[in-house]
Amino acid sequence: MNRPQPGTVHAVLENFLGHWRGTTRLAASAWGPERTATAEVNYTRAAGGYAVVQSYRHTEADGTHFEGHGVFTVDPDHEDVLWYYVDSLGLPPGTPARCTWVDGILRVERHSDRGTARHSFHVDNGVLTHTAELRLGDAPHFVPFMVSECLRA
């Protein structure tokens with residue numbers, strides 16, 4: 001088995017590392033009307049460079065908040081980036097999702113019995129953007145759910 005070298009993950013996610021602040025725009029959905037929240041995101045090296053920890057939190061105007069925490073690491077057998085993720089909705093995190101790089105964008109789909117969440121992460125011109133789209137149940141198409149845009153704090 002080829003073991004990844006320390007720093008492998010943070011090297012590919014180098015542009016993400018740091019503390020970011022900005023806004024999250026949430027689309028109208030079964031969970032509420034369209035709205036905007038203040039957002040904070042941190043990406044930090046962990047486990048001797050074998051992982052990058054992601055911490056996200058947004059706070060809405062009425063004071064309600066949401067938080068999620070992820071861990072990016074490398075699958076040593078396939079040299080793919082994996083994403084483990086859990087959030088304040090309290091649903092079980094399931095298995096890690098396999099990420100792909102497409103034109104400088106880190107993409108990942110998380111599948112569950114409820115449907116599929118498709119996430120895209122990238123940094124362009126100093127702006128960290130995270131988009132999420134949902135395809136619930138038997139829906140034929142993904143629909144926008146949220147877009148976060150943040151600048152380094």
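Model, not experiment: these values are computed from the prediction.
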Chemist: Which pairs, with at least one residue in residues 140-153 and sequence neighbours excluded, count as a salt bridge (charged side-chain N to carboxylate O under 4.0 Å, His left out)?
Modeler: Arg25-Glu149
Chemist: For residues 120-146, pull every pair meeting salt bridge (charged side-chain N to carboxylate O under 4.0 Å, His left out), keeping only residues two or more places apart or in separate chains.
Modeler: Arg118-Glu133
Chemist: Say whether Val41 and Leu89 are linked into one hydrophobic cluster, either directly or through other cluster members, by side-chain heavy-atom distances under 4.5 angstrom.
Modeler: yes
Chemist: Which pairs, with at least one residue in residues 52-70 and sequence neighbours excluded, count as a salt bridge (charged side-chain N to carboxylate O under 4.0 Å, His left out)?
Modeler: Arg35-Glu60, Arg57-Glu67
Chemist: Just wondering, do Thr73 and Tyr84 contact through their side chains at under 4.5 Å, heavy atoms?
Modeler: yes
Chemist: Within the 4.5 Å heavy-atom criterion, are Leu17 and Arg45 side-chain neighbours or not?
Modeler: yes
Chemist: The criterion is salt bridge (Lys or Arg N to Asp or Glu O under 4.0 Å); which residues satisfy it with Asp80, sequence neighbours excluded?
Modeler: Arg98
Chemist: Testing the basics here: between Tyr85 and Gln54, what is the closest heavy-atom pair and its distance to 0.1 Å?
Modeler: CD1-OE1, 4.0 Å
Chemist: Check whether any side-chain heavy atom of Asn42 lies under 4.5 Å from a side-chain heavy atom of Trp20, and answer yes or no.
Modeler: no
Chemist: Can you pull out every ring-ring contact (aromatic ring centres under 6.0 Å, His included) where at least one residue sits in residues 134-153? Sequence neighbours excluded, please.
Modeler: Trp31-Phe145
Chemist: Where is the tightest heavy-atom contact between Cys150 and Gly22, given as atom of each residue plus distance?
Modeler: SG-N, 3.7 Å
Chemist: Residues in ring-ring contact (aromatic ring centres under 6.0 Å, His included) with His119, at least two apart?
Modeler: Trp83, His130
Chemist: Please report the interatomic distance OG(Ser112) to CG(Leu136), rounded to the nearest 0.5 Å.
Modeler: 8.5 Å
Chemist: Do Thr116 and His111 pair up side chain to side chain, a donor and an acceptor below 3.5 Å, judged on atom types alone?
Modeler: yes
Chemist: In this structure, would Val123 and Met146 fall into the same cluster of hydrophobic residues linked by side-chain contacts under 4.5 Å?
Modeler: no
Chemist: Could you pull out all residues at least two apart from Glu109 that satisfy salt bridge (Lys or Arg N to Asp or Glu O under 4.0 Å)?
Modeler: none
Chemist: If the condition is salt bridge (Lys or Arg N to Asp or Glu O under 4.0 Å), which residues does Arg110 pass it with, not counting sequence neighbours?
Modeler: none
Chemist: Members other than Val143 in its cluster, when Ile, Leu, Val, Met, Phe, Trp, Tyr link by side-chain heavy atoms under 4.5 Å?
Modeler: none
Chemist: Applying side-chain contact (heavy atoms from CB on, under 4.5 Å), run through Leu106 and Phe72 and close with a yes or a no.
Modeler: CA-CA 11 Å; Leu106 183 66; Phe72 293 94; 3.6 Å; yes
Chemist: Please examine the side chains of Tyr43 and Val53, heavy atoms only from C-beta on, and report whether any two atoms are closer than 4.5 Å.
Modeler: no
Chemist: Take His65 and His58 through the test side-chain contact (heavy atoms from CB on, under 4.5 Å) and record every step on the way to the result.
Modeler: CA-CA 6 Å; His65 71 276; His58 77 235; 5.7 Å; no
Chemist: Among residues at least two apart in sequence or on other chains, which ones pass side-chain contact (heavy atoms from CB on, under 4.5 Å) with Thr38?
Modeler: Thr59
Chemist: Find out whether Thr36 and Leu26 are in side-chain contact, i.e. whether some heavy atom of one side chain is under 4.5 Å from a heavy atom of the other.
Modeler: no
Chemist: Please round to the nearest 0.5 Å and tell me the distance separating atom OG1 of Thr23 and atom CG of Leu151.
Modeler: 9.0 Å
Chemist: According to ring-ring contact (aromatic ring centres under 6.0 Å, His included), does anything in residues 91-110 pair up with another residue at least two apart or in another chain? List the pairs.
Modeler: none
Chemist: Using the salt bridge (Lys or Arg N to Asp or Glu O under 4.0 Å) criterion, which residues pair with Arg114? Sequence neighbours excluded.
Modeler: none
Chemist: With side chains defined as the heavy atoms from C-beta onward, is the minimum distance between Asp87 and Phe66 less than 4.5 Å?
Modeler: yes
Chemist: Would you check if Ser148 and Tyr56 make a side-chain contact, meaning some heavy-atom pair closer than 4.5 Å?
Modeler: yes
Chemist: Please say which of Thr131, Leu13, Val108, Asn15 ends up in a side chain to side chain contact (heavy atoms under 4.5 Å, CB included) with Phe121.
Modeler: Val108
